[in-house]
Amino acid sequence: MNILRDAITSACSIATGRSCIGEYISYDINQYPASVPCCVVSREGFVAVAKVMKEVYAFLVAQWARDRSREQGCFSVFACYRREAEYLIVKTDVPAADPTFPTLTSLYVPAYRFERQIHSLMGVTPVGHPDLRPWIKFEDWPQDAWPLRKSFEASRRMERTNGRYKWASTDGEGAYEIPVGPVHAGIIEPGHFRFQAVGEHVINLEERLGYVHKGIEKRFESLSRHEGVRLAGRVSGDTTVAHSLAYCMALEAMAQCVPPQRAQWLRAFFLERERIANHLGDLGAICNDVAFAFLFYQFARLKEMLLRTNLKLFGHRFIMDRVVPGGVAVDIKTDGVKDIFAELTLLEDEFERLVAIYDDNPSLEDRLRDTGCLAPETARELGVVGIVARASGLNVDCRLHNPFPPYDKLEVNVPVLVSGDVHARAWIRVEEIRQSIVLIRRILGLLPGGDISTEIELPLDRAGFAAVEGWRGEIIYWLASDAQGQISRCMVRDPSSLNWLALEQAIHENIVPDFPVCNKSFNQSYSGHDL
């Protein structure tokens with residue numbers, strides 16, 4: 001039984017007094033096990049559906065809009081829900097003369113920023129939203145400039161106005177503010193963090209992101225599908241494999257194209273190598289933020305070993321541009337498989353010795369345990385994904401609930417902890433490295449022969465959806481083609497779009513000096529968020 005599909009039918013019946021408006025559009029593609037139904041509802045039904053989704057414990061994973069004003073005289077607003085192995089997309093069309101839709105913020109916290117972004121970039125207003133300050137689009141841009149509308153000229157230089165961002169403030173005896181960023185002391189991407197504190201204790205944190213907004217979603221509209229995958233691989237450079245894969249899978253869903261089996265297995269192999277390399281880097285960085293430089297250098301050394309092997313075997317340290325529409329652009333030879341197995345043996349041995357040092361260090365334990373706690377109930381309300389979710393008791397992982405090949409043939413053991421602190425987020429990384437080593441051995445041991453790519457033809461006026469478990473968590477892509485077969489809309493939802501909200505909550509009641517290590521344990525992408 002498809003619980004979400006049944007629930008949406010029920011919701012529309014309640015909202016309209018008749019059966020579901022519109023149609024279900026399934027993207028069933030042979031070896032892709034889960035179809036993604038899309039249901040069209042009225043503006044009133046949009047909220048009714050959300051209420052029923054909440055009742056069946058579904059997560060809101062994304063919201064976005066599409067400009068159809070030229071050909072259909074309307075904007076389309078979408079909400080995507082997930083419950084266990086099911087995804088469901090709900091669409092409502094709003095007239096161009098009245099581009100408004102009812103907000104979902106009273107039901108789903110993630111809608112708070114999704115809808116601010118829709119309003120800022122598409123100019124479609126969520127009625128009833130409690131906070132329509134610009135998000136991603138800065139306050140000194142003209143208010144009537146909507147970058148994701150078709151009428152917007154991306155090549156035109158944006159005029160500047162005298163807008164001002166209204167920060168949240170705190171009054172009271174002993175309360176003061178600490179502004180941090182957007183330029184930081186370390187070499188990281190820009191983001192502004194404004195703390196309200198009493199003494200050393202943080203009572204509130206407000207983030208201001210968007211400083212690396214690059215117009216990526218707009219840029220997709222002017223690129224061919226082969227150029228588009230290169231851009232997807234640069235949405236967040238440390239997650240190039242996962243973003244490229246999500247783009248390609250959405251494209252392949254649209255085109256009903258099934259890549260060769262060998263290509264599917266190589267994609268999973270690349271994905272797990274990306275996971276290991278980033279987790280190693282993060283473990284070292286967490287240790288460095290509490291002055292344990294020895295483990296910082298040792299974990300960095302192991303990461304560098306993997307990156308050099310990537311360069312040797314696949315021509316790029318981060319395996320960038322190696323996942324392409326219809327398959328992959330590079331194969332692995334017998335000697336390369338032997339090199340990987342030898343590297344895994346060395347990695348496993350040295351990694352376990354470092355983990356033993358990490359786990360037996362009282363100073364680390366003192367700084368990491370009970371720091372930056374994100375309670376399971378808060379994690380669920382925020383809809384967090386990936387490392388952050390699994391450290392706070394949520395068993396969510398696309399390799400389990402959306403097991404595209406070859407994950408449907410592999411046994412994936414997903415670690416889950418409940419303490420939700422910095423230590424838990426670090427230890428999830430430890431367990432995931434162990435699991436990825438096991439998975440890579442299985443993948444290479446079972447790697448089928450055959451071609452590594454196939455041709456793909458983009459259909460006219462179709463849409464495709466994909467969800468991929470990157471090393472940070474679930475990545476969502478939704479692509480739509482126009483009547484000429486060109487990409488007319490590409491929606492990207494990086495894990496950071498959800499998890500940045502959680503960082504604001506996790507730092508409450510912690511001391512200010514613990515923010516760096518708390519932030520590092522989340523390690524969200526500025527670039528992947530700012531798009």
Side-chain angles (χ1 to χ4, degrees), residues 25 27-36 216-237 239-271 273-274 314-316 318-332 398 402-408 447-448 450-470 474-494 528 531:
I25 307 172
Y27 303 103
D28 288 317
I29 304 175
N30 298 336
Q31 298 179 29
Y32 288 79
S35 63
V36 181
I216 281 181
E217 288 187 327
K218 185 70 173 180
R219 180 63 175 149
F220 274 115
E221 299 174 9
S222 62
L223 299 178
S224 70
R225 61 181 181 272
H226 296 292
E227 294 170 326
V229 70
R230 288 175 55 82
L231 179 59
R234 289 155 177 81
V235 166
S236 184
T239 319
T240 182
V241 172
H243 272 280
S244 299
L245 180 54
Y247 177 90
C248 289
M249 287 178 58
L251 198 69
E252 291 153 7
M254 184 194 308
Q256 298 188 358
C257 167
V258 180
Q261 277 197 336
R262 186 174 180 86
Q264 293 172 346
W265 287 69
L266 286 172
R267 285 174 168 186
F269 167 62
F270 296 156
L271 202 60
R273 285 190 68 83
E274 182 171 80
F314 313 118
H316 197 286
F318 301 106
I319 324 182
M320 185 174 281
D321 299 329
R322 301 309 183 252
V323 177
V324 297
V328 294
V330 65
D331 206 344
I332 185 170
C398 292
N402 185 41
F404 56 88
Y407 290 109
D408 55 343
L447 187 64
D451 296 334
I452 62 170
S453 65
T454 188
E455 290 297 320
I456 180 171
E457 291 295 329
L458 199 62
L460 309 182
D461 202 17
R462 289 285 301 276
F465 172 91
V468 170
E469 189 71 20
E474 173 194 63
I475 296 171
I476 302 289
Y477 271 68
W478 183 86
L479 297 177
S481 64
D482 59 21
Q484 288 72 46
Q486 300 299 312
I487 298 297
S488 64
R489 181 76 170 94
C490 178
M491 185 282 298
V492 181
R493 201 234 63 203
D494 188 80
L531 298 177

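Any value given below was found using the heavy atoms of this structure, including those in side chains, with hydrogens, waters and symmetry copies removed.
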Minimum-distance pair of heavy atoms, taken over all atoms of [X] and [Y]:
X	Y	answer
C398	E474	SG-CG, 3.6 Å
G326	R267	N-NH2, 3.9 Å
T240	E274	N-OE2, 3.0 Å
M491	E217	CA-OE2, 3.3 Å
V323	V229	O-CG2, 3.6 Å
I456	R225	O-NH2, 2.8 Å

Less than 4.5 Å apart, any side-chain heavy atom of [X] and any of [Y]?
X	Y	result
R489	W478	yes
D482	I487	no
V235	L531	yes
F220	V492	yes
I332	F314	yes
C490	E221	no
I476	F465	yes
H243	Y247	no

For R219, I'd like to know if atom CZ has over 12 heavy atoms of other residues, nucleotides or ligands within 6.0 Å.
no

Item checked: Verdict with reasoning, L458 to M254, per side-chain contact (heavy atoms from CB on, under 4.5 Å) -> CA-CA 7 Å; L458 199 62; M254 184 194 308; 3.3 Å; yes

Once you round to the nearest 0.5 Å, how far does [atom1] of [X] lie from [atom2] of [Y]?
X	Y	atom1	atom2	answer
I452	D331	CD1	CG	5.0 Å
E469	I475	CD	CD1	8.5 Å
D461	Q484	CG	CD	9.5 Å
E252	L245	CD	CG	8.0 Å
L266	Q261	CG	CD	11.5 Å

Between [X] (side chain only) and [Y] (backbone N and O only), is there a donor and an acceptor less than 3.5 Å apart?
X	Y	value
S481	P459	yes
S224	E227	yes
N402	A467	yes
R322	G315	yes
R234	R230	yes

Evaluate the criterion side-chain contact (heavy atoms from CB on, under 4.5 Å) for residue pair S453 and V328; output intermediate values, then yes/no.
CA-CA 6 Å; S453 65; V328 294; over 6 Å; no

**Asked** Do the rings of F318 and H316 sit parallel, tilted or perpendicular, given the 30° and 60° boundaries?
**Response** tilted

